[in-house]
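Beneath this line is the structure, given in structure tokens, with notes to follow.
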Amino acid sequence: MAPQDDRPNQENNWQTATKLVHGGTLRSEFQETSEGVFLTSGYVYDSAEQAEARFKGDDPGYIYSRFSNPTVNMFEARMMALEGAEAARATATGMAAVTAAMLCQLNAGDHVVSARALFGSCLYVIETLLPRFGIKSTLVDGRDLDSWRDACQDNTKAFFLETPTNPTLEMVDIQAVSEIAHEIGARVVVDNVFSTPMLQRPLKLGADIVVYSATKHIDGQGRCLGGIILGSNEFVDDHLHNFMRQTGPSLSPFNAWVMLKGLETLPIRVDRHVASATALADWLANRSELAQMIYPGRSDHPQYELVKKQMDGGGPLIAFSLDGNKETAFRFMNALEIIRISNNLGDAKSLITHPATTTHQRLTPEVRAELGICDNLVRLSVGLEDVADLMADIDQALTAAKG
Ligand SMILES: *Cc1c(COP(=O)(O)O)cnc(C)c1O
């Protein structure tokens, strides 16, 4: 028996937290409370005729888990309920989501405009991979609306951006950039990882496609890789579905199940991440050991008006520069005892990274300088620990960093 769609009709009227616990649930004949993990690659048919009908699209049902699986479908449906998206496809990683979202809709001869401040692998896809297949790209300062406008060409088909950006937490105005794109008929793809799905809704602001690394706050406990692409029925039916079906960057059912469980607790976790990040940012802003403190939730953020317009909170990440150099930053990081050194983010555990020597090492010193990624800058992904313990840890490490 196929899993039953057990969703009450009023699902669309639920508040977010309710959608994240119940949205998209499919129950099998066993009436399990927790979502089932359908660890199966294929599906059997009652008859050869049924298989024929299934392949023709006349018989609804599953064919092969490369392109559909009940557990993965539950994760997609729950994310669709959260984002207010018509359609979604889950992917094996966040980078699979970014790559598929771009490649499925572009052809040789097309042009892409993208903000320059990107997650390292996103920059590779836009700047290096797409041009290898004849898709040219122009990188712009995402904060400057004129630079988006000026970069447009007759063949511009897509815009790509992240906001807040990694690691300097700059903002891009999704609504204004979407208007510029739509004037020339280009689609806007937003990587929404740094705000989490709780704090910013790109589709409601006019973007066409939103992508996530579910590896981050959606899982939220650093266990599984995963990703998802959300957009319109038209985009998924005409472009994404067949690309996913034929090239196979699909999410494993087990990882989809972990992500589903992550979504149930996402609102309370993000509330805690943001509350702790806000408290740490305010406390750090007064410290003499710091040369710079960046947090979108503070009124001294250079784009605070845009943050208030676009986000429901300052986010789970903060960035700061130590008064000193690379050695100061390294001494500080090495002295931390609770906060661990990792390039990952969005975990229950607080994680710190030195972008200039890790995630952004590949960039030239000139480009790093342009992006504000100095040698004394660190990025902190605030976890779920007691914030007083995090402050004590940072306090002793700042003292140790003085050398
Ligand atoms: C982590 C991350 C990605 C890539 O996601 P993976 O799941 O690691 O492949 C893409 N964009 C942003 C902003 C990220 O933080």
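When a ligand or atom number is given, it counts from 1 through the structure's own listing order.
Listed by number with element, the atoms of ligand 1 under 4.0 Å from a non-hydrogen atom of S213 are 1 (C), 2 (C), 3 (C), 4 (C), 5 (O), 6 (P), 7 (O). Heavy-atom contacts of F194 reach the following atoms of ligand 1: 13 (C), 15 (O) (cutoff under 4.0 Å). For ligand 1, the atoms sitting less than 4.0 Å from at least one non-hydrogen atom of T215 are 6 (P), 7 (O), numbered in the order shown with element in parentheses.
Atom 4 (C) of ligand 1 has its closest protein heavy atom at F119 CE2, 3.5 Å. With respect to atom 9 (O) of ligand 1, the closest heavy atom belonging to the protein is M95 N, 2.9 Å. Nearest protein heavy-atom neighbour of atom 2 (C) of ligand 1: K216 NZ, 2.5 Å. Among protein heavy atoms, the minimum distance from atom 12 (C) of ligand 1 is reached at D191 OD2, 3.4 Å.
Taking distance alone, with nitrogen or oxygen atoms compared against 3.5 Å, V193 stays at or beyond that limit from ligand 1. Residue G94 has at least one N or O atom closer than 3.5 Å to an N or O atom of ligand 1. Residue E162 places no N or O, backbone or side chain, under 3.5 Å from any N or O of ligand 1.
For an aromatic pair to be called close, the ring centres must be under 6.0 Å apart, and H301 with Y295 fails this.
Salt bridge absent: R187 and D208 never bring a charged side-chain N and a carboxylate O closer than 4.0 Å. Ion pair K19/E83 not flagged as a salt bridge, since none of the NZ, NE, NH1 or NH2 atoms sits closer than 4.0 Å to an Asp/Glu carboxylate oxygen. Contact check on R116 versus E370 returns a salt bridge, with a Lys/Arg side-chain nitrogen under 4.0 Å from an Asp/Glu carboxylate oxygen. A salt bridge links D173 to K309: one of the charged nitrogens lies within less than 4.0 Å of a carboxylate oxygen. Using a 4.0 Å cut-off between a side-chain N of Lys or Arg and a carboxylate O of Asp or Glu, K402 and E289 qualify as a salt bridge.
At distances below 3.5 Å, at least one donor-acceptor pair connects side-chain atoms of S381 with backbone N or O atoms of G346.
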